[in-house]
S.K.: 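Attaching a single structure in structure tokens format; questions to follow.
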2 protein chains.
Amino acid sequence: MSVLNSDAEALLRERLQTHELRVTPNRLSVFRALLQSARPLSVPELATHLSDDGLSVPTLYRIVEVFSAIGVTHPVLVDHQSVGYELREPFRSHHDHLVCTGCGRVVDLYNCDLTEAMAQLGRDNQCRVNFHQVELHGLCADCAAASQVGTARG
Amino acid sequence: MSVLNSDAEALLRERLQTHELRVTPNRLSVFRALLQSARPLSVPELATHLSDDGLSVPTLYRIVEVFSAIGVTHPVLVDHQSVGYELREPFRSHHDHLVCTGCGRVVDLYNCDLTEAMAQLGRDNQCRVNFHQVELHGLCADCAAASQVGTARG
DNA sequence: CCGCACATGAAAATAAATTGCATGTGCAGT
DNA sequence: ACTGCACATGCAATTTATTTTCATGTGCGG
């Protein structure tokens, strides 16, 4: 991860305060849930995870909205169907996603060296790019390997 | 566009038949609506557009599901919130999206030269990539230009 | 420690997505 | 062209997701 867990909350506090938003137990709960999760979480999923803490569903929607507005999270398409939220940099190191057409898994790809390519794409279109999100579709390492079995040459 | 409109439907027929699915008026209606739309359409939007044709909402869900399963469409995140569907190659030339943080518009980027970078990313992870979808976040050409006004040097 | 503005919960309303089942229809086989 | 079957569809109902309203609670500046 990009920042120590112990520092992450301090960074969140700072980020919230910059935007004149309050540091509340609910916001910290959602933040911790996202920090601990290996994958993006939808609001209904967050509701399940945080049912003990008694967070109401409307509050969850409001929190992920706030988090996304101030760049703490960003929404991603999960299962090709529902919207999940995951932490952005610097809370979580940047990565892209491979949606495996074989097993349906979403694999995080970390060794992504697309920043310059993205910047160029932006320049070509007179845009100012500050964030990119790539979704690849194909076969994950496991499924790609499995598909080799019984195949003479690809 | 990648294929002539007149050929597009023939290609759709072929694609459906390959998968042993039927060519129906409803499927053609949805296909035409997507072909004519400049942007991804959600199911509720499709329902509005096609209310005259009398397509029921459940049918629309089933059709976009089928279309996505056979690679005719793919889902994209619209407005950071809802899922829309747009035609894939060869029905529509490949492009990526810039979500403008200034005005909220989604701009299509066509001069995308990321295929090789994507392929490399796939190789690095032992994956077999056959499609990529990039979502950039930043300022579109208009908003970027506007932000220059009153700025001494960037 | 006070007070105000923001944050939250509860309940309700709205919208979106799914399911079951009976009917309709594309299309393969004749 | 005709027939039959399996797939496609509509309808109604259900479930799930999301938004809104408003009264209450609470972080945090002064």
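In what follows, chains are A, B, ... by sequence order, proteins preceding strands, each numbered from 1. Source: prediction; values computed, not measured. No hydrogens, no waters, no symmetry mates; every other heavy atom, side chains included, goes into these values.
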S.K.: Expressed in angstrom and rounded to an integer, what is the separation of A:Leu21 atom CG from C:dA5 atom P?
M.R.: 16 Å
S.K.: Is the phosphate of C:dT8 approached by A:Thr59 (side-chain N or O, under 4.0 Å from OP1 or OP2)?
M.R.: no
S.K.: So does A:Ile70 get a backbone contact from the side chain of A:Arg15, meaning a donor-acceptor N/O pair under 3.5 Å?
M.R.: yes
S.K.: Taking only N and O in the side chain of A:Ser82, is any of them less than 4.0 Å away from OP1 or OP2 of D:dA17?
M.R.: no
S.K.: Assign B:Arg27 to base, sugar-phosphate, or nothing according to its heavy-atom contacts below 4.0 angstrom with the strands shown.
M.R.: sugar-phosphate
S.K.: Any donor-acceptor pair under 3.5 Å joining the side chain of A:Arg22 to the base of C:dC6?
M.R.: yes
S.K.: Just how far, in rounded Å, is P of D:dG29 from CZ of A:Arg13?
M.R.: 12 Å
S.K.: Which part of the nucleic acid, if any, lies within reach of A:Ser56 when heavy atoms closer than 4.0 Å are counted: base, sugar-phosphate only, or nothing?
M.R.: base
S.K.: Rounding to an integer number of Å, can you tell me how far A:Leu28 CG sits from D:dG27 C1'?
M.R.: 12 Å
S.K.: Where the side chain of A:Pro58 is concerned, which of C:dA17, D:dT9, D:dT20 is the nearest nucleotide?
M.R.: D:dT20
S.K.: Using atom CD of A:Gln17 as one end and atom P of C:dA7 as the other, report the distance to the nearest whole Å.
M.R.: 12 Å
S.K.: B:Leu16 has an atom CG; how far is it from atom P of D:dA8, in whole Å?
M.R.: 9 Å
S.K.: Report yes if a side-chain nitrogen or oxygen of A:Asn26 is closer than 4.0 Å to either non-bridging phosphate oxygen (OP1 or OP2) of D:dT26; otherwise report no.
M.R.: no
S.K.: In whole angstroms, how far is the P atom of D:dT18 from the CG atom of A:Leu55?
M.R.: 16 Å
S.K.: Using the rule that Ile, Leu, Val, Met, Phe, Trp and Tyr join whenever any side-chain heavy atoms are under 4.5 Å apart, tell me whether A:Leu34 and A:Leu16 fall into a single cluster.
M.R.: yes
S.K.: Would you call B:Asp108-B:Arg92 a salt bridge at under 4.0 Å N-O?
M.R.: yes
S.K.: Tell me whether the OP1 or OP2 atom of D:dT9 has a side-chain N or O from B:Thr24 closer than 4.0 Å.
M.R.: yes
S.K.: Rounding to a whole Å, what distance do you find between B:Leu60:CG and C:dT18:P?
M.R.: 13 Å
S.K.: Quick one, A:Gln133 with A:Glu86, criterion side chain to side chain contact (heavy atoms under 4.5 Å, CB included). Give me CA distance, side-chain angles, the key distance, then yes/no.
M.R.: CA-CA 12 Å; A:Gln133 190 177 345; A:Glu86 82 179 353; 5.5 Å; no
S.K.: Using the side-chain heavy atoms of B:Arg62, tell me which of these nucleotides is nearest: D:dA17, C:dT18, D:dT9.
M.R.: D:dT9
S.K.: Looking at B:Thr73 and B:Ser68, would you say the former's side chain and the latter's main chain have a donor-acceptor pair under 3.5 Å?
M.R.: yes
S.K.: If each of A:Gln81 and A:Ile63 is mapped to the nucleotide of DNA chain C with the nearest heavy atom, which maps nearer the 5' terminus, i.e. the 5' end?
M.R.: A:Ile63
S.K.: In this structure, how many angstroms lie between the C1' atom of C:dA10 and the OH atom of A:Tyr61, rounded?
M.R.: 16 Å
